[in-house]
Amino acid sequence: MLITIANDAPSSTRTSILAAALERGLHAQAMKNGRGGEVIGIAGTLPVDQMELAGVERTVPVHKPFMMASLDARERSVVMVGDVAIGGDTPVFMAGPCSIESIDDQVEIARAVKSAGANILRGGAFKPRSSPYSFQGLGLEGLEALVAAREATGLPVVTEVMEPDQVDLVARHADMLQIGSRNMANFPLLKRVGRTNTPVLLKRGFAATQEEFLMSAEYIMAGGNTNVVLCERGIRAFDAAFRFSLDLNVIPSIREESHLPIIVDPSHGTGRRSLVARMAMAGLAAGADGLMLEVHADPDNALSDGYQTITPTELGRIHRRGLALLEALRGFEETEDLVSDVIAVTRLGSADCDAVPELERIA
Ligand code: PEP
Ligand code: MN
């Protein structure tokens, strides 16, 4: 169950709720609710007297398997990565190569993606490759390249962590920990990143349902780390024409279920460079909080995923068009609101309507 307590609730209320959960052996986890108060998630039910304590605003019985990730828990989350807000009004653009190839290359691509509009730099140092004979990433040297690129550009950096034992090392170098598609259900890894305070980018397993995806986010949040950003990166479908198929249904659908920000990765989601720009636009139009894009100065010679990688010039175009698209969509929504107000005025013959000052301005 979820218990929301007001910001001016006596501290004894919080203590009593947590003690009641402990006494019953129930997992309890508190987080800010985005309105100044706090929400306590309890994996079970407490007696009614706990719900009647001073400052308890609201209780919601558990009706979904995930509770901390649920939209019932709190206002929409904004996750800060360095000074970049994910889930606010402006979309985030994470960009960089699939794999980090050298310190110099990473610094150079960081400068290029920054001037093309990116605000977070990506790059894999530990790579999950389908073949054990493929390039596996530079490891520690890759992490050092990310640090150098951040120093050169000021961009915060995101990179994948594959094993629980690597989490501290990666968290010392990166601003955001990426959990890759293949590790979405690696529960020891999820628990381990859940015990850090570092923001986590959780990519959807390519054969995972929406609920399994949200349950993996719940694993991280149950450990106390509520800074989770989801990423739709394509699922495996039947058509061999595509490496993966971007499942854009989950963008509006997860926004109905969860307060967590969600971004789209059209690079892995299509597996084809020529499809990336269109599907990036589609992702933003579907309501994504941003994009993750694989970008390389010379995609044909990238050490991994070159076929789905775009150039910094293409990134610049996607960035410009993406912002223009969102602006246009906002404009449509405002016009639609205005039109429905006009209809209301006409029907009611009433001057008592929000649209009147705006209508007078237009007239
Ligand atoms: C990546 O971002 O380079 C990556 C390996 O992604 P995914 O885990 O989605 O395949
Ligand atoms: Mn890749």
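Just so we're clear, the structure is a prediction, and the values are computed from it rather than from any experiment. Every number for a ligand or one of its atoms is a count from 1 in the order of the listing.
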Which ligand 1 atoms does [X] reach within 4.0 Å, using its non-hydrogen atoms?
X	result
K127	1 (C), 3 (O), 5 (C)
C98	3 (O)
G180	8 (O)
S181	7 (P), 8 (O), 9 (O)

Tell me whether E294 contacts the main-chain N or O of P266 through its side chain, where contact means a donor paired with an acceptor under 3.5 Å. no
Polar side-chain atom of R273 near backbone of I310 as donor-acceptor pair, under 3.5 Å: no
Answer whether the closest heavy-atom distance between the side chains of P91 and L326 falls below 4.5 Å. yes
For [atom], which protein heavy atom lies nearest, and how many Å away is it?
atom	value
atom 9 (O) of ligand 1	R233 NE, 2.6 Å
atom 6 (O) of ligand 1	K203 NZ, 3.0 Å
atom 2 (O) of ligand 1	R122 NH1, 2.7 Å

Can a donor-acceptor pair be found between the side chains of S253 and E256 at a distance below 3.5 Å? no
With atom 4 (C) of ligand 1 as the reference point, say which of H268, M292, E294 has the nearest heavy atom. H268
D265 and its salt bridge (charged side-chain N to carboxylate O under 4.0 Å, His left out) partner, picked from R122, R204, K203: K203
The Mn ion (ligand 2) - closest N/O/S atom in D305: OD2
Restricting to N/O/S, name the atom of E294 that gets closest to the Mn ion (ligand 2). OE2
Over 60° means perpendicular and under 30° means parallel, so tell me whether F206 and F244 are parallel, tilted or perpendicular. tilted
Cationic N near anionic O, under 4.0 Å, D72 to R58: no
N197 atom CG: more than 12 heavy-atom contacts under 6.0 Å: no
Does some non-hydrogen atom of R204 fall short of 4.0 Å from ligand 1? no
